[in-house]
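So that the names make sense, note that chain A is the first sequence line, chain B the second, and so on, each numbered from 1.
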Amino acid sequence: MILLWTDGLIFTLLLSILGIGFYLRGKEHLKRPLQTIANNSVGMVSLVVLVFFVLIGLLDSVHFKQQGSGNEIISLLDVWATPLREHGEKTYSAPFATHLYSKEMMTVADGSTQWDYPRLQFGGQHLTNDDDKLADIVQKTAVGIFQGVVSFMALMLVYWLFIKNKRQDEDSVPFTFQPVPCTLFILITLSYTLIHLSGYYHVLGTDKVGEDVFYQAIKSIRTGLIIGTLTTLIMLPMAIIFGILAGFFRGWVDDVIQYIYTTLNSIPSVLLIAASILMVQVYMANHEADFTSVVVRSDTRLLFLCMILGVTSWTGLCRLLRAETLKLREMEYVQAAYALGVKQHTILLRHILPNVMHIVLISVVLDFSSLVLAEAVLSYINIGVDPTTYSWGNMINGARLEMARDPIVWWSLSAAFVFMFALVLAANLFADTVQDAFDPRRGNQSAN
Amino acid sequence: MTSYLIRRFLYAFPLLMGVNILTFVLFFVVNSPDDMARLQLGQKHVTEAAISNWKHQHGYDVPLLWNSEAEGEKKVTETIFYTKSVGLFLFKFGVSDSGRNIGDDIQQRALPSLALALPTLMLGLLVNISFALMMVLFRNSYLEQAGIVLCVVLMSISSLFYIIGGQFLFAKLLKLVPISGYDGGFAAIKFLILPVLIGVFSGIGSGGRWYRTLFLEEVEKDYVRTARAKGLSETQTLFRHVLQNAMIPILTGVVVVLPLLFMGSLIMESFFSIPGLGSYTIDAINSQDFAIVRAMVFLGSVLYIIGLLLTDISYTLVDPRVRLS
């Protein structure tokens with residue numbers, strides 16, 4: 001078992017979210033917004049999709065050293081996807097292809113050479129006759145769907161036995177046809193089908209060095225999630241502390257903090273990120289001994305990227321919090337606390353902080369999707385994640401130049417597009433729901 | 001007003017100083033002048049003499065921040081930091097580490113950057129506002145719902161895909177415009193159409209949503225209800241009253257980005273190989289040309305501060321309630 005830096009932070013984040021959830025359970029003032037979210041079907045569906053992505057990301061965050069060959073560091077997900085990981089081809093091949101993308105000189109059985117598309121080493125290798133491919137795919141899909149349906153049924157049965165019976169409430173619509181179980185059903189069957197098929201074919205083709213694109217896309221989920229969440233984790237303390245202090249104390253504290261964030265803001269953020277990434281690269285080049293493993297090296301760079309993105313992105317939230325605190329400190333209840341002789345730090349912690357938390361929550365959820373999108377752009381100009389890290393940005397970057405080929409290599413791009421779009425769309429929709437539920441201004445509008 | 005402007009002007013100096021120190025530290029914390037010399041002269045087979053010669057030519061042969069060997073005030077002035085910073089504050093950018101005149105380069109490249117960024121901004125503003133107005137005009141209908149869904153979908157697609165998709169469709173398949181490149185004068189138009197359109201299209205999602213909330217906030221207000229009550233039609237209230245009043249936040253939002261247009265769009269410029277300031281900066285970062293990066297960072301901060309100042313001034317111009325003090 002090996003704990004990478006990002007793994008540790010991700011699990012810390014998870015634990016603290018669980019802890020906060022446990023602490024806040026049953027608090028009366030949170031029930032209304034949570035109820036709003038639970039009643040919003042779009043929000044719940046996107047939450048299910050997000051949780052699905054997060055589970056994959058968490059599976060991919062448990063790393064350990066592989067016994068035996070080469071002491072490679074792999075994750076739990078890698079173990080599960082061992083066939084995908086090891087079934088590399090020579091170069092490009094289209095989704096579900098049985099032959100390579102490019103022609104090659106081959107020696108036929110009788111000794112003569114032939115210029116043709118070579119057979120893939122792993123994709124569709126169980127087929128005796130290539131004409132059976134379509135029938136075979138249909139049959140394998142059917143098996144996958146069947147597995148998915150069975151496990152969904154099992155899940156529903158468990159739910160029905162243990163949870164539904166206790167509640168004793170009568171739903172007018174059968175539960176199975178509500179949006180959330182439907183999404184679950186689609187996700188489960190889809191993943192079962194893809195897993196089953198990917199044992200026999202390269203479902204999304206292979207890339208330039210013959211690696212399975214489906215595997216790359218799955219591995220990229222963790223990178224996207226880490227950038228979206230860890231950056232926020234790093235930026236939150238700075239933004240909250242500085243923002244509240246500036247608004248609460250005003251005077252010279254406010255001046256200093258305003259000076260800091262205006263200075264940071266006025267440097268174009270891309271330049272700041274580029275300079276810092278350059279710094280990390282030089283540091284790693286000078287301390288090669290500390291970064292022997294590729295995984296450790298790319299992980300360090302990922303962590304640094306999160307930190308730098310955090311440094312460049314805290315200013316927006318800080319400004320919002322400052323403005324809100326300025327407003328709050330003039331409120332009657334804060335004035336009353338003053339008059340009663342409550343100490344300053346108690347006022348800050350008990351009266352100000354809880355009342356700006358909705359802004360923090362909303363901006364965290366809103367930032368998530370833009371950070372995932374930013375990763376792709378940064379990786380494209382080579383100041384993002386390490387080129388060896390699996391990420392959608394790197395996939396796009398690698399596939400971009402291949403658009404000029406004939407026939408075009410479209411599968412890497414499409415895979416990155418679909419996965420990224422699913423994650424970001426779910427995040428955006430969920431962010432909207434959270435904003436509707438927690439923003440007091442919006443809440444009033446819907447009540448009218 | 002005047003005293004406010006003077007105060008803001010003086011406030012710019014500590015800001016620029018901070019920016020300057022930050023870039024300086026970020027660069028020299030890892031890169032010694034020796035490394036820079038080696039990089040510029042080529043990594044291998046560089047003699048000590050050649051390095052010290054290069055450092056002397058580019059003024060990197062003095063200490064970084066504090067010259068303990070010099071006398072009196074020269075302890076501060078005869079350092080890399082001082083000599084390089086003073087030029088910046090006078091807008092004399094000097095010579096880049098690879099030997100080109102930075103000021104000339106910037107002048108040359110500002111025009112292509114502007115030619116790309118200004119039409120994108122203007123057209124984008126027009127499209128976004130009309131789209132948002134349409135959504136507000138047909139509010140509480142399926143048309144608005146469809147518009148909102150469209151916005152979220154458009155927002156969830158990475159800008160890279162718009163660029164790749166646009167290039168592929170219009171330049172490669174339909175062959176309507178060249179894939180990338182640039183030309184002087186009016187010949188540039190055919191190179192600029194595609195990046196401008198893609199830039200506008202990729203902004204519709206977030207822009208449309210943002211303007212919609214602005215308009216919706218305005219639509220709820222009392223004066224709009226009065227306008228409706230006196231018998232104005234919905235379109236009349238929208239265009240005569242709502243649009244005019246919503247113009248205040250829109251205008252100030254535009255003014256703040258106006259100076260930064262000179263800096264160019266990094267991604268667009270490098271995808272379409274337009275020789276603007278954005279690609280200039282990226283090239284400088286990749287070749288670790290400190291002189292150019294520092295000049296660009298400085299220029300960027302100056303423009304940002306000007307943008308903030310212009311916003312304040314434009315507030316007083318369009319909104320009589322705001323007074324600067």
Side-chain angles (χ1 to χ4, degrees), chain A residues 42 259-260 262-268 270-283 285-286 369-370 372-383 392-393 396-397 399-400 403-404 408 410 413-414 416-417 420-429 431-432 441-442 445 448, chain B residues 11-12 14-19 21-23 25-27 29-31 35 148-149 151-153 155-161 163-165 167-168 172 179 205-206 209 216-217 220 260 263 266-267 270-271 278 281-282 284-286 288 290 293 296-305 307-308:
Chain A
V42 176
Y259 171 75
I260 295 175
T262 321
T263 310
L264 271 179
N265 246 0
S266 60
I267 301 179
V270 177
L271 288 180
L272 202 63
I273 296 168
S276 318
I277 283 290
L278 215 67
M279 208 169 85
V280 177
Q281 266 175 333
V282 174
Y283 176 82
N286 291 341
S369 52
S370 57
V372 175
L373 290 179
E375 183 274 325
V377 173
L378 289 179
S379 297
Y380 165 70
I381 36 180
N382 283 330
I383 54 174
W392 292 311
I396 299 170
N397 202 1
R400 190 177 58 93
M403 293 296 278
I408 57 162
W410 49 270
L413 268 181
S414 324
F417 173 79
M420 221 166 134
F421 182 65
L423 179 63
V424 175
L425 185 66
N428 273 336
L429 290 174
D432 271 0
R441 273 193 308 173
R442 291 217 194 179
Q445 268 175 16
N448 283 341
Chain B
Y11 185 57
L15 270 183
L16 289 176
M17 207 60 205
V19 169
I21 292 174
L22 202 63
T23 16
V25 169
L26 269 181
F27 244 81
V29 132
V30 287
N31 266 3
D35 292 339
I148 296 173
V149 171
C151 277
V152 178
V153 169
M155 259 172 71
S156 307
I157 298 173
S158 167
S159 56
L160 291 177
F161 288 113
I163 301 175
I164 296 173
Q167 261 183 340
F168 183 73
K172 190 157 175 285
I179 289 184
S206 50
R209 259 164 70 108
L216 275 185
E217 242 168 56
E220 305 282 318
L260 286 175
M263 298 294 285
L266 220 103
I267 314 293
S270 65
F271 252 105
T281 320
I282 278 296
I285 290 170
N286 285 335
Q288 306 206 6
F290 176 60
V293 172
M296 291 307 292
V297 169
F298 185 80
L299 199 65
S301 337
V302 170
L303 290 173
Y304 177 78
I305 292 169
L308 288 183

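At a 4.5 Å heavy-atom cutoff, B:Leu16 makes no contact with chain A through either its backbone or its side chain. In this structure, no portion of A:Ile260 lies under 4.5 Å from any heavy atom of chain B. Heavy atoms closer than 4.5 Å to chain A are found in the side chain of B:Leu22, but not in its backbone. There is no contact between A:Ser369 and chain B, counting heavy-atom distances below 4.5 Å. Contact annotation for B:Leu160: only side-chain heavy atoms (C-beta onward) come within less than 4.5 Å of a heavy atom of chain A. The parts of B:Ser158 that come within reach of chain A are both its backbone and its side chain, each placing non-hydrogen atoms under 4.5 angstrom from that chain. Heavy-atom distances place both the backbone and the side chain of B:Val153 under 4.5 Å from chain A. In this structure, the portions of B:Phe271 lying under 4.5 Å from any heavy atom of chain A include both its backbone and its side chain.
Looking at B:Ser156 and A:Asn428, their side chains do bring a donor and an acceptor atom within 3.5 Å of each other.
In terms of heavy atoms, A:Gly393 sits closest to A:Glu375 at N-OE1, 3.7 Å. Scanning both residues, B:Thr281 and B:Met296, for their nearest heavy atoms gives OG1-CE, 3.6 Å.
Between B:Met155 and B:Arg209 there is a side-chain heavy-atom pair separated by less than 4.5 Å.
Atoms OH and OH, from A:Tyr259 and B:Tyr11 in turn, are 8.0 Å apart once rounded to the nearest 0.5 Å. In this structure, CD1 on A:Ile273 lies 11.5 Å from CD1 on A:Ile267, to the nearest 0.5 angstrom.
Looking at B:Tyr304, its side chain never comes within 3.5 Å of a backbone N or O of A:Thr262 through a donor-acceptor pair.
No other option in A:Val372, A:Ile396, A:Val270, A:Leu423 has as many heavy-atom pairs under 4.5 Å with chain B as A:Ile396.
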